[in-house]
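In this chain, residues are counted from 1 in sequence order.
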Amino acid sequence: MPKIRIGLVLPDVLGTYGDNGNALVLRQRCALRGIEATVVKLALGDAVPDNLDLYCMGGGEDFAQVLATEHLLNDGGLSRAAANNRPIFAVCAGLQVLSKTFHAHGEIVDGVGLIDATTAAMPSRAIGEVTSRPTLPELTEPLTGFENHLGATILGPGAQPLGTVTRGTGNNVVEHSGEGVVQGSVIATYMHGPALARNPQLADLLIARALDVSLADLEPLTLPEVDRLRSERLRG
């Protein structure tokens, strides 16, 4: 039986918006396929192992972002995992923490630097439903989530958006801007929900990458209730 160890990175400081649920979605979708998945909680002060199969990070406030960044820079384990091409999924503040710089407490703060992006403050909060067309060729279904952020994120040449916005704000206030970031093994987004509950195909892509197989190699799951909820969100 295949096994996956999912690192839930700093749930005590980056767990404000329910994004810890992404790790639970991954574990359940593995279980439904007969894949043994374990969630390893990595709290502030814990070393981040660089040999887990998959990592998840969530959102939090300014002070939480600064704490998380300091810990991850001092520890280095997540950066080594990225260098080893282990999949990392980050949401909202997690996206900003992994960037080059972000805005907190009125200042520009150096981030972990795993993605080529910088974040300043928007004049008003982006809040509400956000949908996008995915840019990754493996993803064929629209992406959907709930955004709630003040960050205006600009991507550099080393990164690409996860999706092209069809509703909502996304990374910044530019019309038809991108939503989220993809760079190397990192996939990051502003979508809450939790994002992987609302985007099962994206969850399966992360599982496939953790297993070092293609998305097409995963056993398909038929979950009508999930499809129904997705349809309602996409219509709304």
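Listed by chain and residue number, nothing satisfies the ring pair (Phe, Tyr, Trp, His ring centres under 6.0 Å) test with His103 (two or more places apart in sequence, or in another chain).
Checking side-chain atoms of Gln201 against main-chain N and O of Thr140 turns up a donor-acceptor pair under 3.5 Å. Side chain of Thr135 to main chain of Leu162: a donor-acceptor pair is present (N/O by atom type, distance under 3.5 Å, no hydrogens or angles). Side-chain atoms of Asp19 do not come within 3.5 Å of backbone N or O of Gly15 as any donor-acceptor pair. With hydrogens and angles disregarded, a donor-acceptor distance shorter than 3.5 Å links the side chain of Asn74 to the backbone of Glu70. In this structure, Asn84 contributes its side chain and Arg80 its backbone to a donor-acceptor pair below 3.5 Å. Remark: the backbone N or O of Asn51 is paired with a side-chain donor or acceptor of Arg5 at under 3.5 angstrom. Of the possible polar contacts, none joining the Asp50 side chain to the Ala81 backbone as a donor-acceptor pair under 3.5 Å is found. Arg230 places a side-chain N or O within 3.5 Å of a backbone atom of Arg198 that can act as its donor or acceptor partner. Between the side chain of Asp12 and the backbone N or O of Ala43, no donor-acceptor pair lies under 3.5 Å. Of the possible polar contacts, one joining the Glu147 side chain to the Gly170 backbone as a donor-acceptor pair under 3.5 Å is found.
A salt bridge is absent between Lys100 and Asp110: the closest approach of a Lys/Arg side-chain nitrogen to an acidic carboxylate oxygen does not fall below 4.0 angstrom. A salt bridge does not link Arg235 with Glu129: none of the charged nitrogens is closer than 4.0 Å to a carboxylate oxygen. Salt-bridge formation is detected for the pair Asp212/Arg86: a Lys NZ or Arg NE/NH1/NH2 atom is positioned less than 4.0 Å from an Asp or Glu carboxylate oxygen.
Contact between Gly178 and Pro161 at its shortest, heavy atoms only, is CA-CB, 3.7 Å. Among all heavy-atom pairs drawn from Ile6 and Arg27, the shortest one is CD1-N, 4.0 Å. The two residues Gln183 and Ala159 make their nearest non-hydrogen contact at OE1-CB, 3.5 Å. In plain terms, the two heavy atoms of Leu52 and Gly7 that are nearest each other are CD1-CA, 3.6 Å. In this structure, Arg29 and Ala203 approach most closely via the heavy-atom pair CD-CB, 3.9 Å. Nearest heavy-atom pair, Asp53 versus Ala210, reported as atom, atom and distance to 0.1 Å: O-CB, 3.5 Å.
Follow the hydrophobic side-chain contacts under 4.5 Å out from Tyr55 and you never reach Val91; the two are in separate clusters. Both Val25 and Leu143 sit in one connected hydrophobic cluster of ILVMFWY residues. Membership requires side-chain heavy atoms under 4.5 Å apart, directly or through other members.
Using a 4.5 Å heavy-atom threshold, the side chains of Leu42 and Leu8 count as separate.
For Glu107, the CD atom sits in a loose shell: 12 or fewer heavy atoms of surrounding residues, nucleotides or ligands are nearer than 6.0 Å.
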Phe102 and Thr69: CA distance, side-chain angles, deciding distance, side chain to side chain contact (heavy atoms under 4.5 Å, CB included) verdict: CA-CA 10 Å; Phe102 60 89; Thr69 302; 3.4 Å; yes
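Considering CD1 of Ile115 and CD1 of Ile88, their distance stands at 9.5 Å, rounded to 0.5 Å. Here Thr189 contributes atom OG1 and Asn199 contributes atom CG; the two are 8.0 Å apart, rounded to the nearest 0.5 Å. For the atom pair Cys92 SG and Asn148 CG, the distance stands at 7.0 Å (nearest 0.5 Å). For the atom pair Lys41 NZ and Cys56 SG, the distance stands at 13.0 Å (nearest 0.5 Å).
Listed by first and then second residue, the ring pair (Phe, Tyr, Trp, His ring centres under 6.0 Å) pairs involving residues 188-215 are Tyr17-His192, His149-Tyr190 (not counting sequence neighbours).
Residue Phe146 shares its hydrophobic cluster (ILVMFWY side chains chained together at separations under 4.5 Å) with Ile127.
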